[in-house]
Amino acid sequence: MKKNIAYKILLLLVLLTGTSCNKWLDLQPQDGLIRENFWKTKEQLKSAVIGIYGDMLTSGLVDNMLLWGELRGDMLAIGNVADIADYNIMNAEIQPTNNRANWSSIYRTINYCNTVIEFGPGVKANDPTLTEAQLNSYLAEARAIRGLMYFYLLRIWGEVPLQLRATSSDATIEQLPKSSKEEVYNQIIADLDFAAINAVPVHVSGVPLDPQNKGRITQYAVNAIQADVYLWNEKYPEAIAACNKIIASNRFGLIQGANNQAGWFSTTFIRGNSNESIFELQFSSQTPNNWYNMFANTSTRRFIASPKLATIFFPDDANQPDKIDIRGNGVSYRGSDNVIMKYVGTDLTNIITTTAASDRHWFFYRFSDILLMKAEALAWTGKGEEAIAIVNDIRTRANAPDLTKESPDVTSPTAVSDYIMNERAREFAFEGKRWFDILRNSKRNNYANLDYMLKIVAESALPDRQQSIITKYRDTRSHYLPIHISELQADKQLVQNPFYSN
């Protein structure tokens, strides 16, 4: 949260106009925003909302979200260059000084949201052309993103401070204690409930979304976040209902690729804004991401795909040589050297060669995620057969071979969920979801399925560290990161997370 830094009101970066006409951020603001001469017109309010997305693109938040979701999973391996902070997290040697345990990038975005939420309503008194519906739609975007950011904090740190006021000067800096997980969860739900009612667009069945809206919060993006949050908190009927709102809209679908892997890769990931996308952050050559350096550049490549992808998740089936899972070699990774292709592939074999070309979007939610979240919730409401049918639809789209097909007992929610986790690993490889899936599946019913996590840890750990890592992960308090030392020094009301307090 970096409470020792006084933020001005939304000091927005001046972003140059991109070349694509399908990006929400092509409508970016051109001036920095200072409270004394801002919040006067609806155009300024719109600029402030766009500034939230701009900050998410440029603050390093996306790098963190990817690594928070993957480092403690089983799909990444160290590349040509090792970052000690990341290496230590992968090996369960996590200290409060680890830079990856710093939550400042999340709270920075939360502060942008808080600023819109706090000062946005005042615009209506200055600009009578701003309607109540327009105001609420902008507030809905800010509250949905704030809810999403707190959802990340909840899953990564557990108990965290609930900062709900804008920090615009030294006078407004607050020192806050941690709130309980329940309090954080309730705030997330409150933000999402408001956003679900007020976010754009209205439900018009069969009418496709404007591609630029893929890069902003819509009602469907809110529904997707709601489904994820409900699933995390084991609210299965609510998760199903949220998924069904997206499914029933008829605005989204699975892009078929069984006979055209290259076309599927290009449409879904290289170009983005596809019919399968629900919410994605839209990078561009003017606003590139860091994935060229992280995954493509041989001199700075920090990560490659774990060999586990080729042997466990995407194995060749000698009995079905024509059945090659389209999500594997060429899309998630390159078989010749395990380069992570999903972020840097220009086709099924080649990769980008410049930072400017590192413009792959960051996907929060795709339609396949909605289907698999619904399947998981169905498994825990006694509808295992329906859950497996959804998994089979995903697998058919992916041309998945029988070698990775499972036949779990449909009356066993745990067995069906474990199968869904394997399918989610294939579907969302390197999309920042793997660790959260592992943790959610393990902690359910008061950690009744902890062995699921321990098995993955045992398979992924270095032999000389295996027992030490398993011992740590048996203590469920270790599943959350420590609070970074800088935050403890800045906020004397904060108390270190229990596992790291000795």
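We count residues from 1, following the sequence as given.
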Open item on the list: Atom NZ of residue position K342 - does it have more than 12 heavy atoms of other residues, nucleotides or ligands inside 6.0 Å?
Closed with: yes
Task: S277 and N275: side chain donor to acceptor below 3.5 Å - done: no
Open item on the list: If the threshold is 4.0 Å, N to carboxylate O, is there a salt bridge linking R327 and E423?
Closed with: yes
TODO: Answer yes or no: are there more than 12 heavy-atom neighbours, outside N449 itself, under 6.0 Å from its atom CG?
DONE: yes
Task: Cation-pi, F436 ring and R155 (6.0 angstrom, 45 degrees) - done: yes
Open item on the list: With no hydrogens and no angle check, just 3.5 Å: does a side-chain donor-acceptor pair link N102 and N99?
Closed with: no
Open item on the list: Checking D437 against R440 for the salt bridge (charged side-chain N to carboxylate O under 4.0 Å, His left out) test, could you report, in this order, the C-alpha distance in whole Å, the side-chain angles of both residues, the deciding distance, and whether it holds?
Closed with: CA-CA 5 Å; D437 286 347; R440 184 180 68 252; 3.1 Å; yes
Task: Main-chain N/O of N350 paired with D347 side-chain donor or acceptor, under 3.5 Å - done: yes
- [ ] Over 60° means perpendicular and under 30° means parallel, so classify the ring planes of F364 and W362, tilted if in between.
- [x] perpendicular
- [ ] Mark yes when over 12 heavy atoms from residues, nucleotides or ligands other than E406 sit less than 6.0 Å from its CD; otherwise mark no.
- [x] yes
Task: Closest contact, heavy atoms only, S358 versus W291 - done: OG-N, 3.5 Å
Task: Exercise: do N289 and D359 side chains pair donor with acceptor under 3.5 Å - done: no
- [ ] For residues I438 and Y452, determine if any side-chain heavy atom of one lies less than 4.5 Å from a side-chain heavy atom of the other.
- [x] yes
Open item on the list: For F363 and K433: C-alpha separation, side-chain torsions, deciding distance, then whether side-chain contact (heavy atoms from CB on, under 4.5 Å) applies.
Closed with: CA-CA 10 Å; F363 293 88; K433 297 180 182 290; over 6 Å; no
Open item on the list: Could you measure the distance from the OG atom of S460 to the CE atom of M75? Nearest 0.5 Å is fine.
Closed with: 10.0 Å
- [ ] Applying ring pair (Phe, Tyr, Trp, His ring centres under 6.0 Å), name anything that partners W157, two or more places apart in sequence or on another chain.
- [x] W68, W103
Open item on the list: Under a 3.5 Å cutoff, is there a donor and acceptor pairing between the side chains of T218 and N213?
Closed with: no
- [ ] Please say whether the positively charged group of R143, taken as NZ for Lys or CZ for Arg, lies over the ring of F194, i.e. under 6.0 angstrom from the six-membered ring centre and within 45 degrees of the axis.
- [x] yes
Open item on the list: Surrounding CG of D464 (heavy atoms of other residues, nucleotides or ligands, distance under 6.0 Å), is the total greater than 12?
Closed with: yes
Task: Residue pair K308 / F313, side-chain heavy-atom distance below 4.5 Å - done: yes
TODO: Indicate yes or no for a side-chain donor-acceptor contact from T381 to the backbone of A377 under 3.5 Å, with no hydrogens or angles considered.
DONE: yes
Open item on the list: Between Q282 and Y53, is there a side-chain donor-acceptor contact under 3.5 Å, judged purely by atom types and distance?
Closed with: no
Open item on the list: Looking only at the side chains, is there a donor atom on one of H479 and Y447 sitting less than 3.5 Å from an acceptor on the other?
Closed with: yes
- [ ] List for me each residue that meets ring pair (Phe, Tyr, Trp, His ring centres under 6.0 Å) alongside Y87, sequence neighbours excluded, and say none if there are none.
- [x] none
- [ ] Could you label the plane-to-plane angle of the F252 and F367 rings as parallel, tilted or perpendicular, counting under 30° as parallel and over 60° as perpendicular?
- [x] parallel
Task: S266 side-chain N/O to A262 backbone N/O, donor-acceptor pair under 3.5 Å - done: no
- [ ] Using a strict cut-off of less than 4.0 Å between a Lys/Arg side-chain nitrogen and an Asp/Glu carboxylate oxygen, indicate whether R366 and E276 qualify as a salt bridge.
- [x] yes
- [ ] Heavy atoms only: give me the nearest C243-I370 pair and the separation to one decimal.
- [x] SG-O, 3.5 Å
Task: N223 side-chain N/O to A242 backbone N/O, donor-acceptor pair under 3.5 Å - done: no
Task: E93/K472 ion pair, N-O < 4.0 Å - done: yes
- [ ] Would you confirm whether S249, through its side chain, and I246, through its main-chain N or O, come within 3.5 Å as a donor-acceptor pair?
- [x] yes
Open item on the list: For P401, is there any backbone N or O sitting under 3.5 Å from a side-chain donor or acceptor partner on R395?
Closed with: yes
Open item on the list: With a 3.5 Å distance limit and no angle check, can you tell me whether E280 reaches the backbone of K214 through a side-chain donor-acceptor pair?
Closed with: no
- [ ] Indicate the atoms forming the closest heavy-atom contact of M453 with S442, along with that distance.
- [x] CB-OG, 3.2 Å
Task: S105 and N64: side chain donor to acceptor below 3.5 Å - done: yes
TODO: State whether the number of non-hydrogen atoms from other residues, nucleotides or ligands found under 6.0 Å of K235 atom NZ is greater than 12.
DONE: no
TODO: Decide, yes or no, whether a salt bridge links R397 with E427 under the criterion of side-chain N to carboxylate O below 4.0 Å.
DONE: yes
TODO: Kindly indicate whether the side chain of K245, heavy atoms from C-beta on, has any atom under 4.5 Å from the side chain of Q219.
DONE: no
- [ ] Write down the atom of T353, the atom of Y292, and the distance for their closest heavy-atom approach.
- [x] O-OH, 3.3 Å
TODO: Given side-chain contact (heavy atoms from CB on, under 4.5 Å), test V416 with W380 step by step and report yes or no.
DONE: CA-CA 9 Å; V416 175; W380 289 94; over 6 Å; no
Task: Check: N399/D322 side-chain N/O donor and acceptor closer than 3.5 Å - done: no
- [ ] Enter the distance from L281:CG to M56:CE here, rounded to the nearest 0.5 Å.
- [x] 4.5 Å
Task: Side-chain heavy-atom pair R301, M294 within 4.5 angstrom cut-off - done: no
Task: Validation row: D369, F428 side chains within 4.5 angstrom (heavy atoms) - done: yes
Open item on the list: Is the terminal nitrogen or CZ of K443 (NZ for Lys, CZ for Arg) located under 6.0 angstrom from the six-membered ring centre of W232 and within 45° of that ring's axis?
Closed with: yes
- [ ] Report the C-alpha distance between I390 and L378 in whole Å, list the side-chain angles of each, state the deciding distance to 0.1 Å, and finish with yes or no for side-chain contact (heavy atoms from CB on, under 4.5 Å).
- [x] CA-CA 10 Å; I390 291 174; L378 287 170; 3.8 Å; yes
TODO: Please check if the side chain of T287 supplies one atom and the backbone of F283 the other of a donor-acceptor pair under 3.5 Å.
DONE: no
Task: Inter-residue atom distance I225.CD1 - I188.CD1, 0.5 Å rounding - done: 10.0 Å
Task: Beyond-backbone contact of I420 with I388, side-chain heavy atoms, under 4.5 angstrom - done: no
Task: Spacing of CD1 belonging to I456 relative to CD1 belonging to I312, to within rounding of 0.5 Å - done: 11.0 Å
Open item on the list: With heavy-atom distances below 4.5 Å as the criterion, would you say the side chains of M341 and V331 are in contact?
Closed with: no
Open item on the list: Is there a side chain to side chain donor-acceptor pair (under 3.5 Å) between R108 and S59? Walk through the geometry before answering.
Closed with: CA-CA 8 Å; R108 175 186 165 106; S59 66; 4.7 Å; no
Task: D228 and Y365: side chain donor to acceptor below 3.5 Å - done: yes
Open item on the list: Is the shortest side-chain heavy-atom distance between E376 and M421 below 4.5 Å?
Closed with: yes
Open item on the list: If we count only N and O atoms by modelled type, under 3.5 Å, do the side chains of N497 and R477 hold a donor and an acceptor together?
Closed with: no
Open item on the list: Once rounded to the nearest 0.5 Å, what's the spacing between atom CZ of R72 and atom CG of D86?
Closed with: 12.0 Å
Task: Gap separating the SG atom of C113 from the CG atom of D55, nearest 0.5 angstrom - done: 9.0 Å
Open item on the list: For a side-chain contact (heavy atoms from CB on, under 4.5 Å) check, start with the C-alpha distance between I89 and R100, then their side-chain angles and the critical distance, and finish with the verdict.
Closed with: CA-CA 8 Å; I89 288 182; R100 199 61 63 197; 3.3 Å; yes
- [ ] Using a strict 4.0 Å threshold on nitrogen-to-oxygen distance, state whether D402 and K405 make a salt bridge.
- [x] no
